[in-house]
Amino acid sequence: MDPSYDPQQIEAKWQERWAREKLFEADPDPARRKYYVLEMLPYPSGDIHMGHVRNYSIGDALARYLRMLGYNVLHPIGWDAFGLPAENAAIKSGRHPSEFTFSYIDRMRGQLQRLGFSYDWRREVASCVPEYYRWNQWFFIKMFERGLAYRKKSRVNWCAKCETVLANEQVVNGCCWRHEDTLVEERELEQWFLRITAYADALLDDMKEMVRWPERVLAMQRNWIGKSAGAEVEFPVDGLEESMRIFTTRIDTIFGCTAVFLAPDHPLMEKFVAASPAPDALRREAERIRASSLQARLDVNFRKEGAPTGFTARNPFNGESVPVWIANFVLTGYGTGAVMAVPAHDQRDFEFCSAYGLKIRTVIVPESAVGAGPNPPANGEGAASSALTKAFTEDGVLVNSGPYSGLGSAEARERMTRDAETQGFGKGTIQYRLKDWGVSRQRYWGTPIPMIYCSGCGVVPVPESDLPVVLPRNVKLTGQGRAALATVPEFVAVKCPKCGGPAERETDTMDTFVDSSWYFYRYTDPKIDTAPINREAVKYWFPVDQYIGGIEHAILHLIYMRFFTKVMRDLGLVEFSEPVARLFTQGMVIKDGAKMSKSKGNVVDPVAMCARYGADAVRLYMLFAAPPEKDLDWSDAGIEGAARFLNRVYRLVARHAGRLRGVSAWQASGDAGGSNGLSAAERRLLRKAHQTLRHVTEDMEERWHFNTDVALTMELSNEIGALEDAIEAGSIRAEVLKSALEILVLTLAIFVPHLSDELWEGLGHSGSTLRVAWPKFDAGLAAEEELEIPVQVNGKLRARIGVPASAGEDEIRLRALAEPKVREHLAGLHVVRIIIVPQKLVNIVAK
RNA sequence: GCCGAAGUGGCGGAAUUGGCAGACGCGCUACAUUCAGGGUGUAGUGCCCGUCAGGGCGUGGAGGUUCGAGUCCUCUCUUCGGCACCA
């Protein structure tokens, strides 16, 4: 072996051999256990960044470990290749987005290969080719046929920088997810929606199956879906042939309702304006409050504002007429856009009613208050209300509530909902925060929505046989005005598939999150052209056993992909409801306290790091610097340390390799434990080796604390180094040394594959470590033979005694009590109790 | 406000079921290597007192359970993430 470590040369050599031997290719084999390791596919932005490297280093360690364990491992990668950055670059430069995209893909593929990730490159998928996106169109049409894709005019989120519509999931703090400084505007547009709300309950219920997903992701999704059970109640408007439905989760408080609040753009407002004695004033008020409510969404210290409509509505439970107000905190899009105001028991209502001098009536008291002290005034108003400083929002016991007084909140909700249903003025309902997924984008670089508008036949889907609707190439991209595709007459003009008459194509494209909602199915047979997926291949490889990616997709991609799988199940394409058995979300790579980004100028280029330290060092550092789920703070000194360690390992093996090439590694002989004939130094060496192996093996199964795995390999390497004298002196035989070195190399193989393969070869083997079975640790060899047991007196450490691991309690007790330090601290006391934890510690309790 | 995660040396972090707090690495200090620098090697490195021996303190804070608590319980503070006048 070369005496010095040259990562560039070694890595190039092994990458070439891995490719030549097709080492990472996997095909279905019913005779073998399969494992599908999936990492989130990158957007081809030009260069991979450290976040990718971290993500893929984790996945690669797992994929390599499982292959060595004998699994048939599917480990693919692809490109989320449609999207705005390429289109924007194209607008600036006048070149076509595909030029950027494909050249970036080539470049980034080379970078991933430079890092030596073990992907099956035959399965590479790019979402921007017609062979892929035609199936987006196919899914869209299938959904349209089932009423899951529909078109409606609605107020949508519009980003002026993106010049397109955003899904609710893409709005962050009122701003665009890509432009954190750009407020999202509202626009009224005809848009295509996917009916994800039809699966709201399934998305919640099926979480029961997702026991190996991180709780925080499930919590975020639960939050996002926002299911709440309540009731709708009809309030007739006095003097008009109209009524309004309110939604409440607290029907038990309805006797405390002293007003009704309407969203400023509630449909009923037009009727009110028409019937109002002062229509113009009312319209102006509504408009003013609507404007303030839009502002308010972005303002933390937003003030509640409203105005009376001049109308009253009747509470069907007690027949009482209460004023109807417009209020700026009531949302049109949630519930019915109207709420009953119960100021005594809802903090928002309390603030509003206090500000405008509306009545406040207590109808719920804490259980503890029942019978204790005077009851609230019969009508609950006056004194009680003026004493209130905030709403009592908890459950309790009903008072001032007619026939329901005395009931507990929970029971009252049930009874009152039932009574409302029987009497026909209300019903129990469930509301979701989740909205249907708006997928229309007024942009060019995406999947054309396969729909045709015919003046005679209406909206007609493109026939399946005409798919794909190919994205035309000759488009002048300006980023201005309406959808770019609308400027291509030969694209727009089409014959109606139904009547043959002149018709027009839809010119919007799909949200790119559609592309990534099912790409991981496509990997199982990326070339199939008769269907989106190959059912047989999917049956073999699915579910994804392990998905790894960033937490930032918790409620975007990770909810869409679940939705798509359920649709695919209902289309008969797959037989399961959840695609991913286990999810792992890795932390971000940050530097100087901030996420790496070009604008902050704190980006560390992985390719430059590979050139300087080698891919193995970069990957090792990514795994060693922090546990994988936590954020990792990049440190230049840290990667130096990783590189130094690899150097030490290289020199360690190289120093002995020549002598060990022809030697076969020491094997435990038949007897249990098999340590017969080993010297003390040999036992010590093998113990450390097998302890390391045990730790890494157990850790890879569940815990994934790669940082501690790497630490153990460092300890093993240090231990071998420390035994150099014993090796020189011959008290460690070559066979035993070889065994320890092999364990070191094979353990490292899942983290630093190039170096490990080189060292493996140096030790006299041919071929990659990936073809070697993961070694089994020997529990007997790993067991300590002599233990150093701490002895405490009254919980304070006073001495340590060295005893054989096999020592019994009696022996340990005698040894502990004989210890001079212990006797010193026991002087003048009498021993009350001695606690002996075998193999662990002794605690002497004395007074 | 609701939900979730997390607080341990100068730094990243270890401590899997309650049992030696600080593994491993970085940084730092000293020494060595005929040593320009870098590299490499050896030793040391939680804090305080002490020349040593040794002693005391110590896992955000306050209580508690226990022979024994970073770990369990109660309260509390702080930080980060998600949702948010969602009725």
Side-chain angles (χ1 to χ4, degrees), chain A residues 4 172-173 214-228 230 246-250 253 261 263 293 296-297 299-300 302-304 327-331 333-342 345-349 351-352 393 431-433 551-552 554-555 587-588 620-621 624-627 629-642 644-645 647-648 651 695 698-699 702-703 705 707-715 717-718 721 724 788-797 799-800 821 824 832-846:
Chain A
S4 73
V172 180
N173 295 328
E215 179 50 39
R216 65 171 167 161
V217 172
L218 297 179
M220 281 162 78
Q221 293 204 356
R222 231 177 264 125
N223 248 331
W224 186 256
I225 296 167
K227 177 177 183 168
S228 66
I246 59 96
F247 173 72
T248 179
T249 56
R250 290 296 305 275
T253 66
F261 295 156
S293 111
R297 304 278 160 259
D299 185 359
V300 199
F302 145 61
R303 230 181 69 234
K304 289 182 180 52
N328 64 349
F329 66 91
V330 180
L331 305 167
Y334 184 80
T336 58
V339 299
M340 64 175 189
V342 184
H345 305 293
D346 180 286
Q347 187 57 25
R348 295 157 303 188
D349 298 345
E351 284 166 26
F352 191 95
T393 57
Q431 286 293 332
Y432 298 93
R433 219 192 60 96
I551 184 78
E552 65 273 17
I555 47 178
M588 288 189 303
L620 185 78
Y621 176 60
F624 178 62
E629 70 281 2
K630 290 180 64 173
D631 285 352
L632 182 159
D633 206 342
W634 177 270
S635 125
D636 294 331
I639 189 166
E640 296 263 2
R644 265 204 302 265
F645 167 64
N647 256 298
R648 271 203 305 277
R651 289 198 310 272
H695 179 97
E698 289 173 352
D699 189 74
E702 192 64 47
R703 287 219 317 162
H705 284 192
N707 53 331
T708 68
D709 298 339
V710 174
L712 268 278
T713 65
M714 287 172 170
E715 286 188 43
S717 151
N718 291 346
E724 203 62 32
E788 197 178 58
I789 295 186
V791 181
Q792 300 177 335
V793 176
N794 289 329
K796 279 207 196 311
L797 180 67
R800 297 166 205 275
K821 277 268 159 244
E824 211 175 284
V832 181
R833 227 177 124 182
I834 301 179
I835 289 128
I836 298 173
V837 185
Q839 323 238 321
K840 284 273 163 72
L841 122 169
V842 178
N843 188 14
I844 301 166
V845 187

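Note on naming: letters A, B, ... go to the chains in the order of the sequence lines (proteins, then strands), and numbering restarts at 1 for each one.
Using P as the reference atom, B:rC77 and B:rU16 are 29 Å apart when rounded to the nearest Å. The same atom, C1', is picked in B:rG39 and in B:rA23; the two are 26 Å apart, to the nearest Å. B:rG22 and B:rC73: their P atoms are spaced 25 Å apart (whole Å). Here the separation of B:rU45 from B:rG10, taken at their C1' atoms, is 11 Å to the nearest Å. For the P atom pair drawn from B:rC3 and B:rC86, the interatomic distance equals 14 Å after rounding to whole Å. The same atom, C1', is picked in B:rC11 and in B:rG18; the two are 29 Å apart, to the nearest Å. Only the P atoms considered, B:rA62 is 13 Å distant from B:rG70, to the nearest whole Å. Separating the P atom of B:rG61 from that of B:rC2 is a span of 25 Å, rounded to the nearest Å.
To the nearest angstrom, C1' of B:rC26 lies 13 Å from CG of A:Leu632. A straight line from CD of A:Glu640 to P of B:rG39 spans 8 Å, rounded to a whole angstrom. One atom, CG of A:Leu712, and another, P of B:rA23, lie 14 Å apart when rounded to the nearest Å. A:Asp636 places its CG atom 19 Å from the P atom of B:rC11, with the value rounded to the nearest Å. Here B:rC26 presents its P atom at 11 Å from CZ of A:Phe645, a figure rounded to the nearest Å.
Pairing for B:rC2 is with B:rG82, a Watson-Crick or G-U wobble pair whose two hydrogen-bonding atom distances lie under 3.5 Å. Base pairing annotation: B:rG70 forms no Watson-Crick or G-U wobble pair, as no partner gives both donor-acceptor distances under 3.5 Å. Judged by Watson-Crick or G-U wobble contacts below 3.5 Å, the nucleotide B:rA53 has no partner. For B:rG9, there is no paired base (Watson-Crick or G-U wobble, both distances below 3.5 Å). In this structure, B:rU59 makes no Watson-Crick or G-U wobble pair, since no nucleotide meets both defining distances under 3.5 angstrom. As the counterpart of B:rU40, B:rA32 is assigned, both hydrogen-bonding distances of the Watson-Crick or G-U wobble pattern falling under 3.5 Å. If you check B:rU16 for Watson-Crick or wobble pairing at under 3.5 angstrom, you find it has no partner at all. For B:rU45, the paired nucleotide is B:rG27, the pair qualifying as Watson-Crick or G-U wobble because both relevant distances are below 3.5 Å.
Of all heavy-atom pairs between A:Asn707 and A:Phe624, the closest is CB-O, 3.3 Å. A pairwise comparison of heavy atoms in A:Lys821 and A:Ala799 identifies CB-CB, 4.2 Å as the closest pair. The two residues A:Ala846 and A:Asn794 come nearest to each other via the heavy atoms N-OD1, 3.0 Å. When all heavy atoms of A:Ser228 and A:Thr249 are compared, the closest pair comes out as OG-CG2, 4.1 Å.
Closest to the side chain of A:Arg651, out of B:rC57, B:rU40, B:rA23, is B:rU40. Proximity note for A:Trp224 (side chain, C-beta onward) versus B:rG13, B:rC57, B:rC83: the nearest is B:rC83. For A:Arg644, whose side chain is taken as the heavy atoms from C-beta onward, the closest listed nucleotide among B:rA14, B:rG39, B:rA87 is B:rG39. Checking B:rC83, B:rA14, B:rA87 against every side-chain atom of A:Thr249, the shortest atom distance belongs to B:rA87. Among B:rG4, B:rA87, B:rA15, the nucleotide with an atom closest to any side-chain atom of A:Ser228 is B:rA87. For A:Asn223, the listed nucleotide lying nearest its side chain is B:rG82; candidates were B:rG82, B:rU40, B:rG13. When each of B:rG25, B:rA14, B:rG4 is scored by its nearest atom to the side-chain atoms of A:Phe624, the top-ranked nucleotide is B:rG25. Comparing B:rA23, B:rC67, B:rG4 by their closest approach to the side chain of A:Ala219 singles out B:rG4. Closest to the side chain of A:Thr708, out of B:rC26, B:rA87, B:rA15, is B:rA15. For A:Arg833, counting side-chain heavy atoms from C-beta on, the closest listed nucleotide (B:rC67, B:rG41, B:rU16) is B:rC67.
The aromatic rings of A:Trp634 and A:Tyr621 sit perpendicular, their planes meeting at an angle over 60°, well past the 30° parallel limit.
Phosphate proximity of B:rA14 to A:Arg703: absent, as no side-chain N or O sits under 4.0 Å from OP1 or OP2. Contact between the side-chain N/O atoms of A:Arg348 and the OP1/OP2 oxygens of B:rA87 is not found at any separation under 4.0 Å. Applying the 4.0 Å criterion to OP1 and OP2 of B:rU66, one finds that A:Asn843 has every side-chain N and O outside that range. Look at A:Arg433 and you'll find a side-chain N or O under 4.0 angstrom from OP1 or OP2 of B:rA84. Put simply, A:Lys821 has no side-chain N or O that comes within less than 4.0 Å of OP1 or OP2 on B:rA53. Between A:Asn707 and the phosphate of B:rA14, there is a side-chain N or O to OP1/OP2 separation shorter than 4.0 Å.
Atom NZ of A:Lys840 is surrounded by 12 or fewer heavy atoms from other residues, nucleotides or ligands within 6.0 Å.
For the side-chain hydrogen bond (donor to acceptor under 3.5 Å, both in side chains) test, residues two or more places apart in sequence or in another chain that qualify with A:Asp709 are A:His695.
At the heavy-atom level, A:Asp631 lies under 4.0 Å from the strands shown only through sugar-phosphate atoms. Contact annotation for A:Glu788: base contact, defined as any heavy-atom pair under 4.0 Å involving a base atom. Here A:Pro627 lies in heavy-atom contact (under 4.0 Å) with sugar-phosphate atoms only. Among the atoms of the strands shown, none is found under 4.0 Å from any heavy atom of A:Arg222. As judged by a 4.0 angstrom heavy-atom cut-off over every strand, A:Val339 is placed among the base-contacting residues. As judged by a 4.0 angstrom heavy-atom cut-off over every strand, A:Asn718 is placed among residues touching the sugar-phosphate backbone only. Residue A:His345 is out of contact with every strand shown, counting any heavy-atom pair closer than 4.0 Å.
Geometric assessment of A:Lys304 against the ring of A:Phe329 yields a positive cation-pi assignment under the 6.0 Å and 45° thresholds.
Nucleotide B:rU34 is shown with a syn base, its glycosidic torsion being within 90° of 0.
For the atom pair NE2 of A:His705 and CD of A:Glu629, the computed distance is 5.0 Å after rounding to the nearest 0.5 Å.
Nearest-nucleotide assignment on RNA chain B puts the 5′-proximal partner with A:Lys840, out of A:Lys840 and A:Tyr334. Of the two residues contacting RNA chain B, namely A:Met220 and A:Tyr432, the nearest-nucleotide position lying further toward the 5' end is that of A:Met220.
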